[in-house]
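Shown next, in structure tokens, is the structure this report addresses.
Keep in mind it's a predicted model, so treat the numbers as computed, not measured.
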Amino acid sequence: MISTTKHMERTAPRTPRERPPPSRSARQLPRRGSQDARTRRGAALVLVLAAVAILLPLALGAGALARARALRVDGRAARAALRDAAEGALARELWLLEADTNAVDALVEPWAERSREAAARLEKGADGVFVLVEDERARLGAPDCGEHALAALLRLRAGLDEAAAAGEAASLFAWMRAQAEAAGATNLALSAEERLFDATPAGTADETGFEAPLAAAMPLLSVHAGAKINVNTVGHDALVAAMLAGGATRGGAEGVWLRLEMSRERGDVFRSTAQTEALKLLRGEGDVPSPEEIAALQGVQNALRVDSGLFRVRAVARRAGRAAAVECVYERGTRRILRWLEN
């Protein structure tokens with residue numbers, strides 16, 4: 001019995017010795033392996049953030065560049081489509097002008113009515129295709145009109161006195177003669193004159209050195225119009241300037257213009273420049289023109305015509321904030337395009 005008990009005591013498992021709890025300082029110290037892992041994770045995060053910071057602007061820039069390129073392509077395609085539409089509308093208008101063979105060009109004709117309607121819609125900002133037609137022979141032809149007519153026009157348009165207006169007109173005609181002589185009276189001279197008559201911003205000098213007073217007269221001058229103006233379409237300043245150049249008084253010229261306005265309001269059209277018909281149309285309700293008015297009409301009679309055959313046609317196509325325009329000076333009968341512009 002005793003030996004059995006001793007054997008049991010020798011084979012029984014020993015109770016493990018309890019270890020003391022770790023000290024507070026030992027609990028606070030991290031293990032070396034876990035600290036290295038956290039360090040590696042932090043370094044990787046920094047690298048990822050740095051890569052994002054570098055690549056994100058590049059990606060955004062590439063996207064913006066792609067969008068801009070796509071917009072440019074779309075813009076060019078849209079502009080080309082608008083230009084095609086404008087050219088088609090202009091070609092149709094030239095065909096209609098060519099079909100007008102009644103030997104008279106007046107503001108009551110269909111081409112003028114279509115132009116007024118298109119101008120009204122264009123001014124309202126509507127989208128669409130608009131064709132504007134002007135009679136090129138409603139302008140004074142330079143240099144055919146002469147220095148006196150241009151000087152009178154400068155007095156009306158720019159408010160110059162007689163001496164200053166004459167000086168400006170002489171300068172212009174001297175420049176034009178020099179250009180013609182240098183080019184041998186070829187198309188190069190005409191090209192130089194056209195550059196002069198391009199629209200010049202008021203208050204600035206153009207490339208030829210002419211100042212704002214001359215620029216004010218440019219919209220009423222043409223290098224294509226010739227020596228005669230169309231009495232059925234001419235405006236106030238051009239007609240009065242032509243009459244003043246013919247020796248009329250200012251009162252006589254203004255009187256003829258007022259009678260012409262009343263004649264147009266009645267729907268009358270000049271079919272001849274003969275004095276008898278002119279006086280008949282200008283007489284109105286039966287009152288007789290004054291001697292000054294008759295003298296003004298006689299002085300300009302040889303510079304008048306009743307038809308044109310020469311038109312400035314501008315077609316504008318506009319859609320969604322984009323626009324394209326083409327413009328030409330067209331000679332009816334010969335079907336020649338004397339000038340072509342695109343913008």
query: Given the rule that I, L, V, M, F, W and Y join up when any side-chain heavy atoms are under 4.5 Å apart, are Val231 and Leu107 in one cluster?
result: no

For [X] and [Y], work out which heavy atoms get closest and say how close.
X	Y	answer
Ser263	Phe270	OG-CE1, 4.4 Å
Ala296	Ala248	CB-CB, 3.5 Å
Val269	Glu277	O-OE2, 4.2 Å
Ala317	Val129	CB-CG2, 4.1 Å
Val234	Leu239	CG2-N, 3.7 Å
Leu160	Glu168	CD1-CG, 4.0 Å

task: Return each pair, listed once, that meets salt bridge (Lys or Arg N to Asp or Glu O under 4.0 Å) where at least one residue sits in residues 295-314; pairs must be two or more places apart or across chains.
output: Glu136-Arg312, Arg305-Asp307, Arg312-Glu327, Arg314-Glu327

- prompt: How would you list all residue pairs meeting salt bridge (Lys or Arg N to Asp or Glu O under 4.0 Å) that involve residues 111-123, not counting sequence neighbours?
  reply: Glu93-Arg114

Just how far is it from atom [atom1] of [X] to atom [atom2] of [Y], taken to the nearest 0.5 Å?
X	Y	atom1	atom2	answer
Arg137	Ile229	CZ	CD1	12.0 Å
Lys228	Gln301	NZ	CD	9.5 Å
Arg259	Glu293	CZ	CD	4.5 Å
Glu254	Met243	CD	CE	7.5 Å
Leu82	Asp84	CG	CG	9.0 Å
Ser222	Leu310	OG	CG	6.5 Å

query: Looking at Thr233, Asn232, Asn102, which one forms a side chain to side chain donor-acceptor pair (under 3.5 Å) with Glu109?
result: Asn102

Expected list for residues 143-150: side-chain donor-acceptor pairs under 3.5 angstrom, two or more places apart:
none

message: Under 4.5 Å side-chain heavy-atom separation, chaining through any Ile, Leu, Val, Met, Phe, Trp or Tyr, what else clusters with Val131? Say none if it is isolated.
response: Leu90, Leu94, Leu97, Trp111, Val133, Phe311, Val313, Val326, Tyr330, Ile337, Trp340

- prompt: By side chain to side chain donor-acceptor pair (under 3.5 Å), which residues pair with Thr101, not counting sequence neighbours?
  reply: none

message: Could you work out, with side chain to side chain donor-acceptor pair (under 3.5 Å) as the rule, every residue matching Arg157, not counting sequence neighbours?
response: Asp237

query: Going by atom types only, do Glu331 and Thr334 share a side-chain donor-acceptor pair under 3.5 Å?
result: yes

field: No-hydrogen, no-angle side-chain donor-acceptor test under 3.5 Å, Asn230 and Ser308
entry: no

- prompt: Sequence neighbours excluded, which residues qualify as salt bridge (charged side-chain N to carboxylate O under 4.0 Å, His left out) partners of Arg92?
  reply: none

- prompt: Quick one: salt bridge (charged side-chain N to carboxylate O under 4.0 Å, His left out) partners of Glu134, sequence neighbours excluded?
  reply: Arg139

task: Any chance you could lay out the side-chain contact (heavy atoms from CB on, under 4.5 Å) test for Leu122 and Val316, step after step, and finish with the verdict?
output: CA-CA 9 Å; Leu122 188 62; Val316 180; 4.2 Å; yes

Could you tell me which residues satisfy side chain to side chain contact (heavy atoms under 4.5 Å, CB included) with [X], sequence neighbours excluded, listed by chain and number?
X	value
Glu261	Trp257, Leu258
Ala119	Leu132
Ala323	Arg318
Thr273	Leu304, Val306

query: Given Gln275 and Ile294, is the side-chain contact (heavy atoms from CB on, under 4.5 Å) satisfied, shown in steps?
result: CA-CA 9 Å; Gln275 186 172 349; Ile294 294 176; 3.9 Å; yes

- prompt: Quick one: does Leu244's side chain get under 4.5 Å of Arg155's, heavy atoms only?
  reply: yes

field: Glu98/Arg335 salt bridge by N-O under 4.0 Å criterion
entry: yes

- prompt: Would Asp105 and Asp100 satisfy side-chain contact (heavy atoms from CB on, under 4.5 Å), going step by step from the backbone distance to the final call?
  reply: CA-CA 9 Å; Asp105 293 307; Asp100 181 6; 3.8 Å; yes

